[in-house]
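If you scroll down you'll find the structure; I have some questions about it.
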Amino acid sequence: MLKLGTPFHLLHSLKQRFLSSCHSLTTIIQPSPATPLPVEEDFAVAKLILESDTQSLPETLQRTTFQWNPNLVDKVLKHLWNHGPKALQFFKYLERHPTYTHASSSFDYTIDIAARMRDYKSVWTLVARMRACHVGPSPRTFAIITERYVAAGKADRAVKIFLSMHKHGCRQDLNSFNTILDVLCKSKRVEMAYNLFKVFRGRFKADRISYNIIANGWCLIKRTPKALEVMKEMVERGLSPTLTTYNILLKGYFRTGQLKEAWDFFSEMKKRKCDIDVVTYTTMVHGFGVSGEIQKARKVFDQMVREGVLPSVATYNALIQVLCKKDSVDNAILVFEEMVRKGYVPNSVTYNVIIRGLCHTGDMQRAMEFMVRMEEEDDCQPNVQTYNVIIRYLCDAGEIEKGLDMLEKMRNRSCLPNLDTYNILISDLFVRKKSGDLVVAGKLLMEMIDRGFLPRKFTFNRVLNGLLLTGNQDFAKEILRSQSRCGRIPRHLKI
DNA sequence: CACCGCCGTT
């Protein structure tokens with residue numbers, strides 16, 4: 001049995017080992033009937049869906065005997081995250097399944113995917129269906145929807161949606177109020193959030209979290225003085241700031257480059273006997289580090305250990321990142337090895353930071369080694385960000401073929417490229433412009449649109465013009481034709 | 001997916 005005082009990072013690593021050991025157990029106890037899949041079913045399903053074309057997909061799925069359950073369906077949807085149309089098709093296929101009914105979480109995932117493609121028609125159809133099935137919509141559903149509207153530049157619409165939630169069978173409360181404030185703030189629509197806050201803080205009985213959200217918003221747009229005002233207001237209304245409030249302000253000072261103020265604030269926190277936590281220290285390490293104050297960053301790191309506050313993986317990540325940027329990758333790797341020695345399990349952030357650092361110094365060889373290591377030693381599959389870093393640096397070094405190989409590797413590892421991946425490759429193909437490059441760019445463009453991404457107008461026009469100028473009229477027409485079939489295309493793509 | 005820390009520059 002684990003003792004109560006077991007450090008969290010050790011628990012985590014034990015948990016990771018435990019989970020990987022009981023994986024095989026699960027398959028023994030619950031074998032999936034007609035599909036003898038030694039590996040995770042979710043990977044197998046996602047692979048099957050990605051490999052079959054749109055027409056034959058229903059038939060293909062019909063022939064299988066997967067035992068659908070919400071957990072499996074959610075995982076499959078996650079795998080299809082960067083292939084919206086397939087995700088939607090899969091979800092809709094199961095809606096017609098004779099016995100299976102979707103869980104609330106699967107609806108939420110699918111709504112998120114549809115909203116990201118700006119397919120609002122599907123979004124609201126799904127909301128209505130959710131309601132009909134009595135599985136929502138929940139406050140979480142509305143968090144997702146409003147976030148996507150704000151991200152698409154429709155903040156006003158998002159607020160209206162929040163105000164009319166109850167008409168969709170989901171009542172507003174303090175939690176959902178805080179959610180919409182946070183959504184607006186995180187998208188830098190802080191003025192709007194603050195106005196909404198002032199109008200409704202009475203009705204929803206704004207709490208400390210509401211104030212923290214607004215204060216954080218001001219900090220995000222580098223208006224720390226406004227954040228301080230919010231804190232004052234908070235006190236005036238009888239709500240005492242929390243440690244989170246102080247951590248928000250501390251980060252705010254670093255954002256505006258006010259190192260002295262940050263240091264003074266930190267000292268004040270200590271003097272007032274706030275129980276300074278790992279977040280406070282991580283903020284300090286990162287803040288000083290990005291300003292190039294590596295000595296101070298290290299000092300704070302050592303200090304936290306002395307004061308008995310255990311660094312987290314995030315703290316190490318902060319230190320490693322700033323060392324990569326402002327010191328040297330070699331020193332960063334020393335810290336990396338140290339954290340491993342102490343029993344921490346590096347995560348994808350850790351690895352991506354190191355890999356980026358190595359790429360930046362031109363050491364692609366070692367970068368690749370870390371990519372292998374993350375998987376083999378820490379059961380941490382390279383994710384799309386990992387691949388994007390590698391692809392970017394390969395292409396920047398003029399090795400576009402290697403970049404395209406890496407894209408191929410992603411496909412084999414069932415890691416789907418995202419918008420960044422496509423943008424990186426297409427724009428680098430345009431920098432090189434070797435014969436054939438434009439056709440490759442055209443193919444990538446077609447593929448990304450197929451997968452529900454909206455290329456920027458600039459990208460789209462550049463590729464089409466490029467093809468037209470190099471005598472690829474037929475291919476240009478093909479791109480246009482194939483896109484006009486898919487119905488849901490943004491206005492600028494319709495010509 | 002109700003608040004704070006760790007992958008960013010198209």
Side-chain angles (χ1 to χ4, degrees), chain A residues 104-105 108-109 111-112 138-148 172-183 185-186 193 204 206-217 219-220 227 230 234 239 241-252 254-255 269 274 276-287 289-290 297 300 304 309 311-325 335 339 344 346-357 359 374 380 382-389 392 419-424 426-428 455-456 458-459:
Chain A
S104 170
S105 55
D108 285 343
Y109 272 122
I111 286 171
D112 203 358
S138 67
R140 181 188 171 134
T141 316
F142 280 93
I144 291 165
I145 296 175
T146 51
E147 188 184 323
R148 291 296 171 193
Q172 295 131 319
D173 55 12
L174 178 57
N175 293 346
S176 53
F177 180 54
N178 285 341
T179 303
I180 184 74
L181 293 178
D182 196 37
V183 162
C185 284
K186 297 256 165 75
F204 291 112
D207 62 358
R208 301 200 276 196
I209 294 175
S210 324
Y211 282 91
N212 285 347
I213 290 168
I214 298 293
N216 188 45
C219 288
L220 284 175
V230 170
M234 180 172 181
L239 299 169
T242 63
L243 179 56
T244 300
T245 319
Y246 296 133
N247 285 341
I248 287 167
L249 281 160
L250 183 64
K251 178 83 185 171
F254 280 117
R255 267 204 194 89
M269 282 170 78
C274 296
I276 294 184
D277 69 356
V278 59
V279 176
T280 318
Y281 280 109
T282 305
T283 305
M284 291 290 283
V285 169
H286 189 251
V290 296
V300 173
M304 82 183 278
V309 179
S312 65
V313 173
T315 319
Y316 273 101
N317 289 350
L319 183 59
I320 288 169
Q321 190 209 152
V322 299
L323 288 174
C324 277
K325 269 197 176 148
V335 173
M339 79 183 272
Y344 288 86
N347 60 22
S348 59
V349 178
T350 325
Y351 277 104
N352 288 348
V353 165
I354 295 270
I355 290 171
R356 180 176 292 109
C359 285
M374 69 192 286
C380 175
N383 59 20
V384 64
Q385 282 94 344
T386 319
Y387 286 105
N388 286 351
V389 170
R392 165 165 287 132
L419 187 61
D420 290 333
T421 322
Y422 287 109
N423 282 336
I424 293 163
I426 292 175
S427 64
D428 274 304
R456 282 169 301 181
F458 173 73
T459 308

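In this text the structure is predicted, and so the values were computed from the model without any measurement. Throughout, protein chains are lettered first and strands after them, A, B, ... in sequence-line order, and every chain is numbered starting at 1.
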#### Entry: Nearest to side-chain heavy atoms of Asn347(A), which nucleotide of dC3(B), dC6(B), dG5(B)
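Closest nucleotide among those given: dC6(B).
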### Task
Find the distance Ile209(A):CD1 to dC4(B):C1' and express it as a whole number of Å.
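So the CD1-C1' distance, Ile209(A) to dC4(B), works out to 11 Å.
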### Query
For Thr242(A), which residues count as a side-chain contact (heavy atoms from CB on, under 4.5 Å) partner, sequence neighbours excluded?
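Thr242(A) satisfies side-chain contact (heavy atoms from CB on, under 4.5 Å) with Arg208(A), Asn212(A), Thr244(A), Thr245(A) once adjacent residues are dropped.
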### Task
Would you check, one step at a time, whether the test side-chain hydrogen bond (donor to acceptor under 3.5 Å, both in side chains) holds for Asp182(A) with Thr179(A)?
CA-CA 5 Å; Asp182(A) 196 37; Thr179(A) 303; over 6 Å; no
### Query
With a non-hydrogen cut-off below 4.0 angstrom, is Asp112(A) in contact with a base, only sugar-phosphate, or nothing?
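The answer is base, as Asp112(A) lies within the cut-off (heavy atoms under 4.0 Å) of a base atom.
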### Task
Would you indicate which nucleotide in dG5(B), dC3(B), dC6(B) comes nearest to any side-chain atom of Asn317(A)?
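Of the candidates, dC6(B) comes closest.
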### Message
At 4.0 Å (heavy atoms only), tell me whether Asp207(A) reaches a base, stays on the sugar-phosphate, or touches nothing.
### Response
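Asp207(A): base contact, heavy atoms under 4.0 Å.
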### Query
How long is the line joining CZ of Arg356(A) and P of dG8(B), in whole Å?
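Rounded to the whole Å, the gap is 3 Å.
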### Task
Looking only at side-chain atoms of Thr179(A), point me to the closest of dC6(B), dA2(B), dC1(B).
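Of the options given, the side chain of Thr179(A) lies nearest dA2(B).
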### Query
Rounded to the Å, how far apart are Leu419(A) CG and dG8(B) P?
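Those two atoms, CG and P, are 18 Å apart.
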### Separation of atom CG in Leu243(A) from atom C1' in dC3(B), rounded to whole Å
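The answer, rounded to whole Å, is 12 Å.
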### Task
Could you give me the CA-CA distance, side-chain angles and deciding distance for Lys186(A) and Glu147(A), then say whether side-chain contact (heavy atoms from CB on, under 4.5 Å) is met?
CA-CA 9 Å; Lys186(A) 297 256 165 75; Glu147(A) 188 184 323; over 6 Å; no
### Query
Separation of Asn352(A) atom CG from dG8(B) atom P, in whole Å?
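After rounding, the reported distance stands at 8 Å.
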### Nearest-Å distance once atom C1' is located in both dC6(B) and dT10(B)
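dC6(B) and dT10(B) have their C1' atoms separated by 23 Å.
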### Message
Just to be sure I understand the rule, does Thr386(A) reach a base, reach only the sugar-phosphate, or reach nothing, if contact means heavy atoms closer than 4.0 Å?
### Response
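Thr386(A): no heavy atom of the nucleic acid under 4.0 Å.
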### Task
Side chain of Asn175(A) only, please: which of dA2(B), dG5(B), dC1(B) is the nearest?
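That would be dA2(B).
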### Value in whole Å for how far the C1' atom of dC4(B) lies from CZ of Arg208(A)
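Going from Arg208(A) (CZ) to dC4(B) (C1'), I get 14 Å.
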### Query
Quick one: is dT9(B) close enough that its OP1 or OP2 comes under 4.0 Å of any side-chain N or O from Arg392(A)?
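Yes, Arg392(A) has a side-chain N/O under 4.0 Å of OP1/OP2 on dT9(B).
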### Query
Between dC3(B), dC6(B), dG5(B), which one does the side chain of Asn212(A) approach most closely?
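The listed nucleotide nearest to Asn212(A)'s side chain is dC3(B).
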### Task
Test for a donor-acceptor pair under 3.5 Å between the base of dG5(B) and the side chain of Ser312(A), counting only N and O atoms.
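Donor-acceptor pair under 3.5 Å: yes.
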### Query
Rounded to whole angstrom units, what separation is found between the CE atom of Met284(A) and the C1' atom of dG5(B)?
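In whole Å, dG5(B) C1' lies 13 Å from Met284(A) CE.
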### Query
Any side-chain N or O of His286(A) less than 4.0 Å from the OP1 or OP2 oxygen of dG5(B)?
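For dG5(B), OP1/OP2 do not have a side-chain N/O of His286(A) under 4.0 Å.
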### Task
Give a yes/no answer on whether the side chain of Lys251(A) brings an N or O atom under 4.0 Å of OP1 or OP2 in dC6(B).
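So the side-chain polar atoms of Lys251(A) do come within 4.0 Å of the phosphate oxygens OP1 or OP2 of dC6(B), strictly under.
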### Task
Indicate whether the side chain of Thr280(A) and that of Thr283(A) have a donor and an acceptor atom separated by less than 3.5 Å.
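No, no side-chain donor-acceptor contact under 3.5 Å.
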### Query
When all nucleic acid strands are considered with a 4.0 Å heavy-atom cut-off, which category describes Asn216(A): base, sugar-phosphate, or nothing?
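Here Asn216(A) touches the backbone only, sparing every base.
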### Query
From dC1(B), dC6(B), dA2(B), pick the nucleotide closest to the side chain of Ile144(A)?
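Output: dC1(B).
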### Query
Looking at residues at least two apart in the chain, or sitting in another chain, which of them share a salt bridge (charged side-chain N to carboxylate O under 4.0 Å, His left out) with Arg140(A)?
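Residues passing salt bridge (charged side-chain N to carboxylate O under 4.0 Å, His left out) with Arg140(A): Asp108(A).
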### Task
Identify the two heavy atoms, one from Cys219(A) and one from Leu249(A), that lie closest to each other, and give their separation to 0.1 Å.
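Taking every non-hydrogen atom into account, SG-CA, 4.4 Å.
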### Query
Val279(A) has a side chain; which of dC3(B), dG5(B), dC6(B) sits nearest to it?
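Shortest atom-to-atom distance from the side chain points to dG5(B).
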### Task
Report which part of the nucleic acid Val278(A) touches: base, sugar-phosphate, or nothing (heavy-atom distance under 4.0 Å, all strands).
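The residue Val278(A) makes base contact.
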### Message
Without decimals, in angstroms, what is the distance between Tyr281(A) OH and dC6(B) P?
### Response
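Going from OH in Tyr281(A) over to P in dC6(B) covers 17 Å.
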### Task
Output yes when at least one side-chain N/O atom of Lys325(A) is less than 4.0 Å from OP1 or OP2 of dC6(B), else no.
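No.
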